[in-house]
**Q** 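This is the structure I have questions about; it appears just below.
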Amino acid sequence: MDIIFELKNVSYSYIKSIPALIDVSFNVNKGEKLIILGANGSGKSTLLKLMDGLMKPDSGHILAFGRSILNMKNDEEYEFRRKVGYLFQDSDVQLFNTNVFDEVAFAPLQMGLEIKDVKSMVDKTLESFGLEKLRDRPPHRLSGGEKKKVALASIMVINPEVLLLDEPTNGLDPRSRKWLINMLINLGNRGKTLIISTHDLDLAKSLADRIVIMNESHTIETIGKPHEILDNSKLLESVNLI
């Protein structure tokens, strides 16, 4: 089985006396739907940012596709960004273009693709996400669910192999939440590797192949199969998830 990510003894602190992550180690397999489950403040979002190379750990190593993501050269980072998409917890942080079409077109344009090819890619992506009627709308004028769709579409337009999703169901109404979960299930069925940070137990139950539990001491409490984790009320209570 191919290993996509390897984390070895990863630690990180925003302030030296206040750790955000301590000695975190685990692997992610190709095509796996891995849920990183923990209470608010346990370090889940920090972990995903480190895995996306947005921050560097204070210690430890992170490998993606067999190579370190620390100090990547330009061609290595280009290849990494082509393969790995990152969905921010707050869509407003991710969306910055003047309209939905330009938002979805941004990534393929940065890859240097021809304008006609980009237009075709964006048109197909907008259609698959049901966003055709919003193509000329400014992202800041969309609902929370619509923003999340646009943010995900802006990632999926380049068809990455891996998705890092930070609290994807946060703030969504029931209809948007159901749409998103179904979309993630479909992506998983297509062989995408999904790495999702959340405290949403229902999302974990719907999607997970395996679950990493983060505790409030910013370390890994345990790693296991969904039934081992979600049926263990004593464990969930100890990490402040119920």
Side-chain angles (χ1 to χ4, degrees), residues 4-5 28-40 42 44-45 47-49 51-52 84-95 100 103-104 124-134 139 142-214 223-233 235-236 239-242:
I4 298 294
F5 274 99
V28 183
N29 299 315
K30 183 177 181 179
E32 185 173 25
K33 299 183 287 294
L34 182 77
I35 298 289
I36 300 169
L37 197 60
N40 289 336
S42 60
K44 305 185 304 297
S45 295
L47 182 53
L48 255 64
K49 289 184 175 72
M51 294 175 71
D52 194 50
V84 180
Y86 185 90
L87 184 73
F88 285 83
Q89 180 176 343
D90 182 356
S91 298
D92 287 323
V93 173
Q94 190 159 351
L95 305 176
V100 168
E103 195 68 61
V104 180
K124 290 177 181 177
T125 303
L126 292 177
E127 181 180 357
S128 68
F129 278 78
L131 293 168
E132 308 100 308
K133 294 181 180 179
L134 301 178
L142 302 177
S143 69
E146 289 168 342
K147 288 178 182 178
K148 193 73 75 172
K149 283 186 179 183
V150 174
L152 189 55
S154 71
I155 298 168
M156 292 309 304
V157 66
I158 59 172
N159 195 28
E161 297 177 25
V162 182
L163 291 174
L164 300 169
L165 307 164
D166 189 6
E167 299 281 7
T169 58
N170 264 17
L172 295 183
D173 60 79
R175 185 180 296 112
S176 297
R177 186 178 180 280
K178 182 178 179 180
W179 174 88
L180 179 62
I181 291 174
N182 287 336
M183 172 63 75
L184 296 178
I185 290 172
N186 288 336
L187 291 172
N189 290 340
R190 285 164 49 190
K192 302 296 182 184
T193 303
L194 305 180
I195 305 164
I196 303 171
S197 77
T198 187
H199 58 265
D200 185 336
L201 299 181
D202 290 334
L203 176 63
K205 184 177 181 179
S206 299
L207 280 171
D209 293 323
R210 196 161 52 107
I211 296 175
V212 175
I213 289 276
M214 300 296 300
I223 301 175
K225 294 292 186 180
H227 71 275
E228 298 170 340
I229 303 294
L230 300 177
D231 293 341
N232 189 338
S233 59
L235 168 64
L236 296 176
V239 294
N240 198 23
L241 283 167
I242 60 172

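Nothing here was measured: the structure is a model prediction, and the numbers come from that model.
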**Q** Would you give the length of the straight line joining atom CG of L48 to atom CG of D52, rounded to the nearest 0.5 angstrom?
**A** 8.0 Å
**Q** Are T198 and L37 close enough, and set up right, to give a side chain to side chain contact (heavy atoms under 4.5 Å, CB included), and what steps lead you there?
**A** CA-CA 5 Å; T198 187; L37 197 60; 3.9 Å; yes
**Q** Can you check whether L134 reaches K149 side chain to side chain, under 4.5 Å on heavy atoms?
**A**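 A side-chain contact under 4.5 Å is absent here.
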**Q** Considering only residues two or more places apart or on different chains, which pairs with a residue in residues 145-176 satisfy ring-ring contact (aromatic ring centres under 6.0 Å, His included)?
**A** none
**Q** Apply the side chain to side chain contact (heavy atoms under 4.5 Å, CB included) test between H199 and each candidate in N40, V239, T169; give the one that qualifies.
**A**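 The option that passes is N40.
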**Q** Should K148 and W179 count as side-chain neighbours, where that means a heavy-atom distance under 4.5 Å?
**A**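 No - every pair of side-chain heavy atoms lies 4.5 Å or more apart.
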**Q** Does a side-chain heavy-atom distance below 4.5 Å link K49 with Y86?
**A** yes
**Q** Pairs in or reaching into residues 84-95: which pass salt bridge (Lys or Arg N to Asp or Glu O under 4.0 Å), with residues at least two apart or in two chains?
**A**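 Checked against salt bridge (Lys or Arg N to Asp or Glu O under 4.0 Å) - neighbours excluded - the pairs reaching residues 84-95 are D92-K147.
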**Q** For the residue pair P160 and V84, establish whether any side-chain heavy-atom pair is separated by less than 4.5 Å.
**A**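 A side-chain contact under 4.5 Å is absent here.
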**Q** Decide side chain to side chain contact (heavy atoms under 4.5 Å, CB included) for V100 and E146; before the verdict, give the C-alpha distance in whole Å, the side-chain angles of both, and the deciding distance to 0.1 Å.
**A** CA-CA 10 Å; V100 168; E146 289 168 342; over 6 Å; no
**Q** Rounded to the nearest 0.5 Å, how far apart are OG of S45 and CG of L164?
**A** 11.5 Å
**Q** To the closest 0.5 Å, what do you measure between OG (S91) and CG (L142)?
**A** 10.0 Å
**Q** Is it the case that the side chain of S176 and the backbone of D173 share a donor-acceptor pair, with hydrogens and angles ignored and the cut-off at 3.5 Å?
**A** no
**Q** Contact between Q94 and V150 at the side-chain level, heavy atoms closer than 4.5 Å - yes or no?
**A**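 Sidechains of V150 and Q94: no contact.
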**Q** For K44 versus A39, what's the shortest heavy-atom pair and its separation?
**A**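 Closest approach of K44 to A39: NZ-O, 3.1 Å.
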**Q** Is it true that a side-chain atom of T193 and a backbone atom of G31 form a donor plus acceptor pair closer than 3.5 Å?
**A**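 Yes; judged by distance alone, with no hydrogens or angles, the pair exists.
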**Q** Quick one: which of L184, L34, I211, I36 gives a side chain to side chain contact (heavy atoms under 4.5 Å, CB included) with I196?
**A**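 Of all the options given, the one that passes is L184.
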**Q** How many angstroms lie between CG in L236 and CG in L201, if you round to the nearest 0.5 Å?
**A** 6.0 Å
**Q** To the nearest 0.5 Å, what is the distance between CD1 on I195 and CD1 on I4?
**A** 8.0 Å
**Q** Could you walk me through whether S233 and I242 pass the side chain to side chain contact (heavy atoms under 4.5 Å, CB included) test, one step at a time?
**A** CA-CA 8 Å; S233 59; I242 60 172; 3.9 Å; yes
**Q** Regarding K192 and N159, is there a side-chain donor-to-acceptor distance under 3.5 Å anywhere?
**A**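 Side chains of K192 and N159: pair found under 3.5 Å.
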**Q** Closest heavy-atom contact between I181 and S206?
**A** CG2-CB, 4.1 Å
**Q** Considering only residues two or more places apart or on different chains, which pairs with a residue in residues 196-212 satisfy salt bridge (Lys or Arg N to Asp or Glu O under 4.0 Å)?
**A**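 Sorted pair list: E32-R210, K33-D209, R177-D200.
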**Q** Test side chain to side chain contact (heavy atoms under 4.5 Å, CB included) on V162 and F5; report intermediate values, then the result.
**A** CA-CA 10 Å; V162 182; F5 274 99; 4.1 Å; yes
**Q** Any side-chain heavy atom of P168 within less than 4.5 Å of one from L152?
**A**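 No, their side chains stay 4.5 Å or more apart.
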**Q** Work out which heavy atom in G85 is nearest to a heavy atom in I155; give both atom names and the distance.
**A** CA-CG2, 3.5 Å
**Q** Kindly give the heavy-atom pair with the smallest separation between A151 and L87, and that separation in Å.
**A** CB-CD1, 3.6 Å
**Q** Within the distance-only criterion (no hydrogens, no angle test), does the side chain of Q89 pair as donor or acceptor with the backbone N or O of E167 below 3.5 angstrom?
**A** no
**Q** Do you know which two heavy atoms are closest between G144 and L172, and how far apart they sit?
**A**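 Heavy atoms only, the tightest pair is O-CD2, 3.9 Å.
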**Q** State whether K30 and E161 are salt-bridged, where the test is any N-O pair (Lys NZ or Arg NE/NH1/NH2 against Asp/Glu carboxylate O) under 4.0 Å.
**A**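 Answer for the salt bridge query: no.
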**Q** Going from OG on S128 to CG on N186, what distance comes out if it is rounded to the nearest 0.5 angstrom?
**A** 11.0 Å
